[in-house]
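A quick write-up on the structure given underneath.
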Amino acid sequence: MTTDERGTCPGLTDFDPLSRRFLADPFSVFHSLPSDLPVFYAPSIDYYVVTRYADIEAVFLDPDTYSAAVTQLPLLPLVPEAAQILFGVGFKAQPSMVSLDPPAHTRLRGPTARAFTPRRVAQMEPTIRRTANQLLDAVDPVAPFDLVSTLTFPLPATIIFSFVGVPERDWSQLKEWCGHRASLGFGRPTPEEQVHHAENMAAYRSYLRELVATKAKTRQDDFASDLLAIHDEDPGALTHEEIGSVLYSLTFAGHETTNALIGNVVRRLLEDPARWDSVVADPTLIPAAVLETLRYDPSVTVWRRLTKKAVTLGGVHVPAGAKLFLWLAASGRDAAVFPEPEVFDLQRTNAAKTLAFGKGIHYCLGAALGKLEASIALETLTDRFPDLRLIEGQDLSFHPNISFRGPQALWVQGGGSRSLGGSSSDERDR
Ligand code: HEM
């Protein structure tokens with residue numbers, strides 16, 4: 001795209017979603033923007049930023065005009081050495097379904113949705129509950145503890161890795177690889193860091209390829225084996241390589257997103273203790289707390305698209321081949337959809353309209369699982385730590401990337417656990 005083509009779109013030269021100010025508080029940046037500029041060009045990232053709910057929704061619902069191809073593209077062009085490492089192991093620029101357009105997308109989404117059924121998700125509930133309790137059993141109930149390392153990070157990782165069929169001995173390695181993936185795809189690493197991340201992502205992809213080969217010989221009761229059963233029915237419809245790609249989707253999408261969601265819910269409830277107390281007093285408010293957090297402070301803050309042709313979006317001319325930064329977090333603060341959007345309101349009636357899970361053909365496959373995990377985490381916490389409070393004076397930090405946002409640590413104190421010295425985790429499950 002030439003500078004001339006961009007000339008018709010208003011630009012905001014100092015908008016930088018990886019700046020220190022933005023990472024600390026993106027909402028203050030949002031509020032400082034001119035309200036009559038719903039779409040603008042940001043030279044710092046070479047993306048058009050889209051802020052309004054209606055425009056983002058329209059983009060999601062029109063895959064003929066807006067391609068998903070840039071969804072996982074490294075934000076910065078890769079240095080040749082990093083590119084060589086990645087593509088040398090057969091990596092693709094659109095490595096999994098979330099960045100594919102139809103018909104390639106349909107080919108992967110169909111069998112994945114077939115194996116990832118609501119029944120499978122519902123069956124996970126006792127395991128999620130047991131795991132949350134086991135993780136909290138390790139907490140000293142009267143000492144401050146970091147909720148992220150204790151619960152919000154390990155819970156979804158344990159659930160998704162065991163669901164997929166990754167052996168437990170490899171979980172910590174997989175978590176580390178996913179961190180490299182977030183940094184390379186969604187951050188702004190130096191050339192040296194790019195090479196390091198690329199090496200790790202190549203190892204991650206090769207690992208999944210081997211996992212599929214191993215499972216093909218020894219089937220187990222897990223999602224990878226379910227996909228292999230679909231392959232057996234019609235090997236051309238879903239190849240082993242494609243199964244590796246689906247596992248590449250789920251092992252990443254299934255934990256960072258949910259880790260951050262649980263951290264954000266607990267943070268937003270505890271930052272006004274009356275909110276926390278109302279949920280403790282009435283746990284039926286928990287699903288509303290999760291939805292309102294997805295609107296007010298979503299864990300996936302930005303998603304991306306590419307224009308296939310020139311369009312007018314939000315009244316602004318955008319050329320063909322332009323990259324779009326769909327600011328999901330801003331869409332949740334759109335007063336045209338959510339009255340008094342700055343108020344965190346557990347009684348809000350339309351929080352479910354949030355675009356936090358996307359919309360249309362790529363709508364998040366794990367939305368039900370993510371909400372279930374967050375709800376169970378909150379049920380378990382409010383039950384065991386009704387007097388939970390934030391440790392005052394802590395500075396929250398956030399991973400430097402454009403899309404995944406939740407506190408990297410959240411220090412809390414319980415004031416004594418209700419369940420201590422009582423039942424075991426298993427007993428509590430009944
Ligand atoms: C709980 C927090 C989560 C949030 C906020 C979230 C958000 C999103 C978003 C924004 C998209 C892109 C939608 C679009 O392009 O229209 C997406 C896609 C996807 N998500 Fe999630 N997600 C979450 C949890 C999960 C979990 C737990 C899983 C896996 C079990 C998962 C698996 C996927 C997959 C496979 C896709 C790609 C679907 C497709 O391309 O057809 N997500 N998610």
Side-chain angles (χ1 to χ4, degrees), residues 56-63 66-72 94-118 120-121 124 128 152 155-166 178 186 222-224 227 242 245-265 287 290-291 293-306 324-329 331-332 354-378 402-406:
I56 296 177
E57 184 183 39
V59 170
F60 276 139
L61 290 176
D62 186 359
Y66 302 98
S67 165
V70 290
T71 297
Q72 298 179 85
Q94 282 83 42
S96 64
M97 79 178 86
V98 80
S99 46
L100 292 171
D101 294 325
H105 170 257
T106 327
R107 209 182 128 83
L108 287 189
R109 171 118 184 172
T112 308
R114 221 181 110 193
F116 195 71
T117 55
R120 267 266 188 206
V121 173
M124 287 152 92
I128 301 171
T152 76
L155 177 67
T158 303
I159 298 304
I160 197 69
F161 296 159
S162 52
F163 169 75
V164 160
V166 176
C178 289
F186 303 85
D222 54 37
F223 177 74
L227 290 175
E242 286 172 324
S245 157
V246 172
L247 301 189
Y248 187 69
S249 289
L250 260 69
T251 48
F252 182 73
H255 81 98
E256 252 330 320
T257 53
T258 313
N259 163 34
L261 171 61
I262 303 171
N264 292 343
V265 184
V290 173
L291 279 179
T293 303
L294 284 160
R295 175 199 72 82
Y296 183 84
D297 189 9
S299 54
V300 178
T301 55
V302 170
W303 216 237
R304 293 183 265 168
R305 288 290 187 267
L306 179 74
L324 305 182
F325 178 104
L326 306 176
W327 197 353
L328 306 181
S331 76
T354 172
L355 295 175
F357 292 113
K359 191 150 187 168
I361 60 167
H362 288 280
Y363 181 77
C364 176
L365 262 176
L369 175 61
K371 286 189 282 188
L372 182 67
E373 289 180 85
S375 293
I376 292 176
L378 214 50
I402 58 162
S403 285
F404 306 103
R405 188 168 196 275

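When a ligand or atom number is given, it counts from 1 through the structure's own listing order. By convention here, the first residue in the shown sequence is residue 1.
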Partner of Leu155 under side-chain contact (heavy atoms from CB on, under 4.5 Å), picked from Ile376, Asn259, Thr258, Ile128, is Ile128
Give the atoms of ligand 1, by number and element, whose distance to some non-hydrogen atom of [X] is under 4.0 Å.
X	answer
Leu250	35 (C)
Arg305	14 (C), 15 (O), 16 (O)
Ile160	30 (C)
Phe60	14 (C), 15 (O), 16 (O)
Ile361	41 (O)
Ala356	5 (C), 7 (C), 10 (C)
Val98	37 (C), 40 (O)
Leu261	1 (C)

Which heavy atom of the protein is the closest neighbour of [atom], given with residue, atom name and distance?
atom	result
atom 12 (C) of ligand 1	Trp303 NE1, 3.3 Å
atom 24 (C) of ligand 1	Thr257 OG1, 3.3 Å
atom 36 (C) of ligand 1	Leu365 N, 4.1 Å
atom 14 (C) of ligand 1	His362 CB, 3.3 Å

Between Leu355 and Trp303, is a side chain to side chain contact (heavy atoms under 4.5 Å, CB included) present by the stated rule, with each step listed? CA-CA 10 Å; Leu355 295 175; Trp303 216 237; over 6 Å; no
Against ligand 1, does [X] come closer than 4.0 Å with any heavy atom?
X	value
Phe163	no
His255	no
Gly360	no

Where does Arg109 meet ligand 1, judged by heavy-atom distances below 4.0 Å: at the side chain, the backbone, both, or neither? side chain
Of [options], which has the heavy atom at the shortest distance from [atom]?
atom	options	value
atom 21 (Fe) of ligand 1	Ala68, Gly366, Cys364	Cys364
atom 9 (C) of ligand 1	Tyr66, Phe357, Phe404, Tyr363	Phe357
atom 16 (O) of ligand 1	Met124, Lys371, Lys359	Lys359
atom 25 (C) of ligand 1	Ser96, Pro156, Gly370, Ala253	Ala253

Below 30° counts as parallel, above 60° as perpendicular, anything between as tilted: where do the rings of His362 and His105 land? tilted
Kindly assign one of parallel, tilted or perpendicular to the pair Phe116 and Phe163, based on the angle between their ring planes and the thresholds 30° and 60°. perpendicular
Steps toward side chain to side chain contact (heavy atoms under 4.5 Å, CB included) verdict (Asp297, Arg405): CA-CA 9 Å; Asp297 189 9; Arg405 188 168 196 275; 3.9 Å; yes
Please report the interatomic distance [atom1]([X]) to [atom2]([Y]), rounded to the nearest 0.5 Å.
X	Y	atom1	atom2	result
Leu306	Ser99	CG	OG	11.5 Å
Trp327	Ile56	CH2	CD1	10.0 Å
Thr354	Tyr296	OG1	OH	14.0 Å
Ile402	Arg304	CD1	CZ	4.0 Å
Ile160	Met124	CD1	CE	5.5 Å

Could you go through the side chain to side chain contact (heavy atoms under 4.5 Å, CB included) check for Phe60 and Leu328 one step at a time? CA-CA 11 Å; Phe60 276 139; Leu328 306 181; 3.7 Å; yes
Look only at interatomic distance and state if Glu373 has a nitrogen or oxygen under 3.5 Å from any nitrogen or oxygen of ligand 1. no
Assess, by modelled atom type and distance only, whether the side chains of Asn264 and Thr293 contain a donor and an acceptor separated by less than 3.5 Å. no
Walk me through it: do Leu291 and Lys371 pass the test side chain to side chain contact (heavy atoms under 4.5 Å, CB included)? CA-CA 8 Å; Leu291 279 179; Lys371 286 189 282 188; 4.2 Å; yes
